[in-house]
Amino acid sequence: MAYDYEKSIRPGKLPHIWCPGCGHGIVMKGLIRAMDACGLEKKNTAIVSGIGCASRMPGYLDFNTLHTAHGRAAAFATGIKMAKPEMTVICCGGDGDGAAIGGNHFIHACRRNIDMTYVLMNNYIYGMTGGQFSSSTPTGHLASTTPYGNPDPCFDLAKLAIGAGATFVARTTAFHANQIDKLIAEGIKHKGMAIIEVLDDCPTTYGRRNKFRSVVDMMKRLKEIAVPVTAAAKMTPEQLEGKTLTGVLHKEDRPEYCESYAKIIARVQGA
Amino acid sequence: MSAKAEIEIIEAYCKGCSICVEFCPTKVLEMDAFVVKVANADACIACNQCELRCPDFAIKVHKL
């Protein structure tokens, strides 16, 4: 039998609104497989998002879902996790929502190391609002608001998350569909803040402005730039020029926020 | 060579991105007026790559 994705999707919601070839659907499939692999129950799982194309995802998923203010997914998710620490909390959103408009919430959720999983779909652009450049649009690339090329350097979102204090940081691409569910599942099992950056394709507002003739061209680019961390260790800096590392980039153990908070409550109440 | 899987296409979901056609290692699929169709069913090796990479939930690979 083929994989049963429909059991996790709200009835009558397919086909989804994402454009032809948009990788968000591939990521949503990966997320469903990861949640199945972790044995998550619908009633004990909350999926939170902000605003944007990627943030449409909770609308399709048949779990406890919350569609919140732009960039504030991590903040609302922190509230859910603090009120119900036994719940598995998953955030999903794009680069514009998570790391630009919600950059502040994102870094502080990482710093607190609260136990949640953030699936960050990086499609290099603000897709839903018309293709404005985001904090992860590569230098020189075209967007609707940078018609002569983006002068800004872009964020390395995984490095940002590591620097901010996330204790599990991984990266993959929409092309590497097999890897998406494995990394998300590992993130869900990790006790602490897990960031899974998925490099994605936006053929409508990013691809056509940047000389990708088709969705397939964008997928081939994702295939070409991805280098597994294990392989990168044996490569020279020249060989790694223009490449992006994929796989588990960072993992450490540090006290989790809800547990630290519960300890303070117990200590003060006991005193 | 006999097919290792039966590929079901949900045409109402297919948006014609052709990712599945491009990355099928045995060229089982092809585009037909912006909707994917199974053109060479016998060559299917049940690798599941088309189902994994279909963003639109339009392909189901039933292993035989």
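In what follows, every chain begins at residue 1, and chains take the letters A, B, ... in the order their sequences are listed. Just so it is clear, the structure is predicted and the values come from calculations on it, not from any experiment.
- Interface summary for chain B: among Val27(A), Val215(A), Leu14(A), Ile9(A), the most heavy-atom pairs under 4.5 angstrom belong to Leu14(A).
- With salt bridges taken as basic N to acidic carboxylate O contacts below 4.0 Å, none links Lys13(A) and Glu6(A).
- Between the side chains of Lys211(A) and His141(A), no donor-acceptor pair of N or O atoms lies under 3.5 Å.
- There is no contact between Ile180(A) and chain B, counting heavy-atom distances below 4.5 Å.
- For the options Glu51(B), Arg53(B), Glu8(B), Gln49(B), heavy-atom pairs under 4.5 Å to chain A are most numerous at Arg53(B).
- Other residues, nucleotides and ligands contribute over 12 non-hydrogen atoms within 6.0 Å of the NZ atom of Lys42(A).
- Interface remark: Cys14(B) contributes no atoms to any contact with chain A (heavy atom separation under 4.5 Å).
- Residues satisfying the side chain to side chain contact (heavy atoms under 4.5 Å, CB included) criterion with Ser135(A), sequence neighbours excluded, are Ala99(A), Ala100(A), Phe155(A).
- With sequence neighbours excluded, the residues that form a side chain to side chain contact (heavy atoms under 4.5 Å, CB included) with Lys37(B) are Glu30(B), Asp32(B).
- For a residue to count as touching a neighbouring chain, one of its non-hydrogen atoms must lie under 4.5 Å from one of that chain's; by this rule Ala12(B) touches chain A with the backbone only.
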